[in-house]
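Only one structure is covered here, and it is reproduced in the block below.
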Amino acid sequence: MNAITDAGHTDSFADAGLPRSIPDYLDRLRAALRGADPALVQDALYDAEEYLRSELAENPDRSEAEVIAAVAGSYGAPDEVADIYRDTEIKVQTALRPPAPKKRKSLLGRFFGVALEPRTYGALFYMLLSLATGTFYFTWVTTGLSLSIGMLILIIGIPLLILFLGSVRVLALVEGRLIEVMLGERMPRRPLYTNRELSVMERIKQIFVDPRTWGTLLYMLLMLPLGTVYFTIAVVGLGLSLSLTLLPFAHLFGLVGHGVYLDGIEMVDAWEPWAWPIFAAIGIVLLFVTLHAARMIGYAHAQLAKHLLVRWAQHD
């Protein structure tokens, strides 16, 4: 946006009740965005701070009040910026949202209609991926905590712990992108805003007292057991349902034996004609049950991530 130009125009804006410092501007922007999605608030605060500080760096001869007043006409006052972000968010979410599936009134329509919803397959893929990401997150957190805490008796332990917590915040952003793309839940696209007016020690203290730091650590520790459960449900559900559905065809082409066995005992002679449609029907029903389970798990996990990774980022 444009740099600062007119000092007289600056004074007139400064007298109009505009914020006189960057922290004050951000506090007012936060208040103007009260009730908005916390992920949107986090992005708006980060963008506003970056822009204002870049303008301040380009105009070192002016005070913060003069810079804010001068850019109010281009970037906007806090209330105006809040309105812009709300409107833009609606447009972006509308553009990114997949077409809404046709509402089905019948029970069968709702049951089988899950196969036409794109979010179903995003949730299913997230469940398959969660074992790998959960293992990585758990290993990173446990290794980082043990190393940094174990070395606190040395001088290097404190900076190592700070670097570790910073890396966890970066991983939270990465996880947020996966959740937004696959599960459809709005997550932050910018790092968490920190008040740069504070001293280094105060900013370090904020990392430790911020509940989101510990919420993120808890989330990453939970991802291993959750990822294991998600992966198991997805693999067993898909494998069993597809196996039952394709079993008659496998028998037809001689790819498997002549029956269904349990502990070496033949339970059903799958070559009997009446068994073919039964196996296929059970497999199809189980496949759609798995898809519904994926949708429910995807929604529940997205809410868990929103509360542990984002919700505490917005302070009233």
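Hydrogens, waters and symmetry mates are skipped; everything else that's a heavy atom, side chains included, is used.
Using a 4.0 Å cut-off between a side-chain N of Lys or Arg and a carboxylate O of Asp or Glu, R20 and D24 do not qualify as a salt bridge. Ion pairing between a basic and an acidic side chain is recognised when a charged N comes within 4.0 Å of a carboxylate O; D47 and R189 show no such pairing. A salt bridge is absent between R190 and E50; no separation between the charged side-chain nitrogens and carboxylate oxygens falls under 4.0 Å. Salt bridge D210/K205: absent, no basic N to carboxylate O contact under 4.0 Å.
Atoms CD1 and OG1, on I282 and T245 in that order, are 9.5 Å from each other to the nearest 0.5 Å. Note that CG of L165 is 4.5 Å distant from CG of L161, once rounded to the nearest 0.5 Å. Note that CG of L226 and CE of M220 are 13.5 Å apart. Values are rounded to the nearest 0.5 Å. To the nearest 0.5 Å, the span separating CG on L52 from OH on Y75 amounts to 6.5 Å. Annotation: the span from E58 atom CD to L56 atom CG amounts to 10.0 Å, rounded to 0.5 Å. The CG atom of L33 sits 10.5 Å away from the CD atom of E89 when rounded to the nearest 0.5 Å.
If you chain together hydrophobic residues whose side chains sit under 4.5 Å apart, I149 and I162 fall into the same group. Both W214 and V141 are part of a single hydrophobic cluster, where members link through side-chain heavy atoms under 4.5 Å apart.
A donor-acceptor pair under 3.5 Å is absent between the side-chain atoms of E55 and the main chain of V67, judged by distance alone. Side-chain atoms of T213 come within 3.5 Å of backbone atoms of I207 as a donor-acceptor pair (strictly under, hydrogens ignored). With N59 contributing its side chain and D61 its backbone, the two residues share no donor-acceptor pair below 3.5 Å. A donor-acceptor contact shorter than 3.5 Å links the side chain of Y121 to the backbone of A115. One N or O on the side chain of T120 and one on the backbone of V114 form a donor-acceptor pair closer than 3.5 Å. Proximity of a side-chain donor or acceptor of E185 to a complementary backbone N or O of E180 within less than 3.5 Å is not detected. Between the side chain of W140 and the backbone N or O of T135 there is no donor-acceptor pair closer than 3.5 Å. In this structure a side-chain-to-backbone donor-acceptor pair under 3.5 Å is missing from K306 to H301. Of the possible polar contacts, one joining the E80 side chain to the A77 backbone as a donor-acceptor pair under 3.5 Å is found. The main-chain N or O of Y85 is never found under 3.5 Å from a side-chain atom of T88 such that the two would form a donor-acceptor pair.
Taking the side chain as every heavy atom from C-beta outward, L183 and R119 never approach each other to under 4.5 Å. The closest side-chain heavy-atom distance from E175 to Y219 is below 4.5 Å. In this structure the side chain of L224 never reaches within 4.5 angstrom of the side chain of F136, judged on heavy atoms. Taking 4.5 Å as the limit, some side-chain heavy atom of M151 sits within range of a side-chain heavy atom of L154. The side-chain heavy atoms of F231 and L129, taken from C-beta on, include no pair separated by under 4.5 Å. In this structure the side chain of L309 reaches within 4.5 angstrom of the side chain of M187, judged on heavy atoms. Counting heavy atoms from C-beta on, the side chains of L124 and L238 come closer than 4.5 Å. When side chains are defined from C-beta on, V310 counts as touching P188, because their heavy atoms get closer than 4.5 Å.
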Next on the checklist: Checking T133 against M223 for the side-chain contact (heavy atoms from CB on, under 4.5 Å) test, could you report, in this order, the C-alpha distance in whole Å, the side-chain angles of both residues, the deciding distance, and whether it holds?
Outcome noted: CA-CA 8 Å; T133 57; M223 274 301 295; 3.8 Å; yes

Item to check | Residues I179, Y126; criterion side-chain contact (heavy atoms from CB on, under 4.5 Å); working and verdict | outcome: CA-CA 8 Å; I179 291 173; Y126 183 86; 4.2 Å; yes

Next on the checklist: I233 vs I297, test: side-chain contact (heavy atoms from CB on, under 4.5 Å). Steps then yes/no.
Outcome noted: CA-CA 10 Å; I233 292 175; I297 289 174; 3.9 Å; yes

Checklist entry - Given V168 and L217, is the side-chain contact (heavy atoms from CB on, under 4.5 Å) satisfied, shown in steps? => result CA-CA 7 Å; V168 168; L217 291 175; 3.9 Å; yes

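Within a 6.0 Å sphere centred on CG of L152, heavy atoms belonging to other residues, nucleotides or ligands number more than 12. More than 12 heavy-atom neighbours from other residues, nucleotides or ligands sit within 6.0 angstrom of CG on L147. When the shell of 6.0 Å around CZ of F164 is examined, it contains more than 12 heavy atoms from other residues, nucleotides or ligands. For F288, the CZ atom is densely surrounded, since the number of other residues' heavy atoms within 6.0 Å is greater than 12.
Between the side chains of R212 and Q42, a donor-acceptor pair is found at a separation under 3.5 Å.
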